[in-house]
Amino acid sequence: MKRQNVIPLSTDEAPPIIVELVYQMKIKDVMTTEVVTAAKHDTLRSVQQLMRARSISGVPIVEGRRLVGIVSVDDVLTALDNGYIDDEIQDHMSRNVIVLEEDMPLSFAIQYYEKYSYGRFPVLGRNRMLSGIITSRDIIVALLIRLDREFEKLERQLGKRPLELHGTLRQQFATRRYDFEHAGRASTEIKKILKERSVDTKTVRRATVAAYELEMNQVLHSLGGTISLQLSAAAITIQADDIGPGINDVDDALQEGYSTATEWIRSLGFGAGMGLPNARRVADEFRIHSSSQGTHAMATIYLQEGHGEGIGTGSAS
Amino acid sequence: MKVSELEALLDGRWVHAGGREQEVSAGFTSDLLSDVMANAPENSVLVTIQAHKNTVAVAGLAGIVTLVICSNRPVPDDMRAAAEQEGLGILTTALNQFETSGRLYRRLHAE
């Protein structure tokens, strides 16, 4: 049977802007909160009438706000075929309901449509109570609205982009919040590019430290962002731009040992409060600006002799 | 010393034996990845208990040759796969960081 509800969107390999969106958007931003429900002592016929009246294809069964089962249009058709449409719901409902949670990223819902052949997923909120329901239509509509906005933004930015300088290389990488799977990829690529262009080892190390710390800072503390490399004959510039929520006190964040990281981040060996200080230390020039709209940091390392002497990485012997 | 000598020196077991013929000239002990990133010397052995994939990324970036995971912490499959890709070795040992560092220090400074 052809799977009808699969959303043909890869949550890893789609263009970065889409991947970012499906990780940024939460299930609760997309789900329908007015859920049509029934109780387990109602009859299947009452569910059939509900489905017809409200043009829906699945009805969660609840006790209070607690989800106890679900009845789909298939269940109703089977009941009609087999003549038990006047039975109570509890005798025929599916009890093993696959659910989503409202704080999960939207990517989970998309992946669920690939894994399970259901048309809809009930969504649980705090205390595991039913808080909404999500269909593939909800997802597609929400994505279209967001994409429309993103495209408008992109078009505005394209108009403003300065011309590329002759001989300057630019490369940009996206980061995502808590995406430890891909954390370090931007810095690894940047290191490779610099090595390929025969930048000396010490300078590569300094640029790598700056790139890595700025990248991890985004993965650990921002909602996502980009790391950009700009390489000219005179300097390497690593620029980090994220979309928020911003650093409360930049001066605090630049002090060694200051950290807002949670316990589990620390248990992975991150969040020791050395990130931004490290990035600043290895750079010849370091600028950072932060607001609730996002944090923008720039680390510049000079390539020409006479600049930046005496600034080591600590490993320099 | 050569990477291949670490197994006997630390009573360890290779989870992934990468770059066995490479020369190790220094060691570095830390569980804070930013510390490793900032301060670990090139061509060194990293002594740590951080058995996860991100440690491999940091080691690759910092030019570390081999990771020694102490106290027999289990190494997840994706960490081993990352090490294979980076060409790094991973050795596990029952020794803790202190004991491991001590043996390494003695050996490297005897040279």
Side-chain angles (χ1 to χ4, degrees), chain A residues 175 178-192 194-195 200-202 204-217 219-220 238 256-259 261 264-283 311-317, chain B residues 23-65 67-71 73-88 90 96-97 108-109 111:
Chain A
T175 66
Y178 298 159
D179 180 3
F180 290 101
E181 188 61 26
H182 298 114
R185 191 165 54 174
S187 346
T188 306
E189 284 300 311
I190 287 173
K191 181 179 180 184
K192 212 165 80 189
L194 296 177
K195 271 184 139 175
D200 73 282
T201 320
K202 251 187 192 172
V204 171
R205 176 75 185 261
R206 289 165 60 199
T208 309
V209 170
Y212 180 78
E213 296 296 3
L214 292 174
E215 181 182 2
M216 288 316 297
N217 199 54
V219 171
L220 298 170
I238 312 283
E256 282 201 15
Y258 179 86
S259 175
W264 68 269
I265 289 178
R266 289 171 201 253
S267 74
L268 290 171
F270 299 113
M274 292 175 67
L276 287 178
N278 272 353
R280 179 167 69 170
R281 192 167 40 82
V282 297
I311 298 173
T313 63
S315 71
S317 49
Chain B
E23 276 294 320
V24 175
S25 52
F28 194 77
T29 304
S30 182
D31 297 321
L32 290 178
L33 297 181
S34 279
D35 183 29
V36 175
M37 195 67 224
N39 301 317
E42 300 241 341
N43 301 320
S44 59
V45 182
L46 175 65
V47 178
T48 187
I49 54 165
Q50 290 295 354
H52 56 78
K53 191 179 163 183
N54 297 104
T55 313
V56 175
V58 169
L61 289 166
I64 285 161
V65 178
L67 306 177
V68 177
I69 304 293
C70 298
S71 308
R73 292 249 182 158
V75 172
D77 287 345
D78 65 344
M79 181 184 188
R80 192 182 52 208
E84 278 170 26
Q85 217 178 348
E86 281 279 334
L88 294 177
I90 302 181
N96 65 27
Q97 296 101 301
L108 285 169
H109 286 260
E111 281 179 3

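Here is how names work: the chains are called A, B, and so on, in the same order as the sequence lines, proteins then strands, and each is numbered from 1.
When all heavy atoms of A:Glu181 and B:Asp78 are compared, the closest pair comes out as OE1-OD2, 4.3 Å. The two residues A:Met274 and B:Asp35 come nearest to each other via the heavy atoms CE-CA, 3.8 Å. Contact detail for A:Ala183 and B:Ala57: the closest heavy-atom pair is O-CB, 4.4 Å. For B:Asn54 against A:Phe180, the heavy-atom pair with the smallest separation is ND2-O, 3.1 Å. In terms of heavy-atom proximity, B:Ser34 sits nearest to A:Asn278 at O-ND2, 3.0 Å.
No side-chain heavy atom of A:Met216 sits under 4.5 Å from any side-chain heavy atom of B:Met37.
Within 6.0 Å of CD on B:Glu84 lie more than 12 heavy atoms contributed by other residues, nucleotides or ligands.
Residue with the most contacts toward chain B among A:Thr208, A:Ile190, A:Thr201, A:Leu268: A:Leu268 (heavy-atom pairs, distance under 4.5 Å).
At a 4.5 Å heavy-atom cutoff, the contact between B:Ala62 and chain A is made by backbone and side-chain atoms alike.
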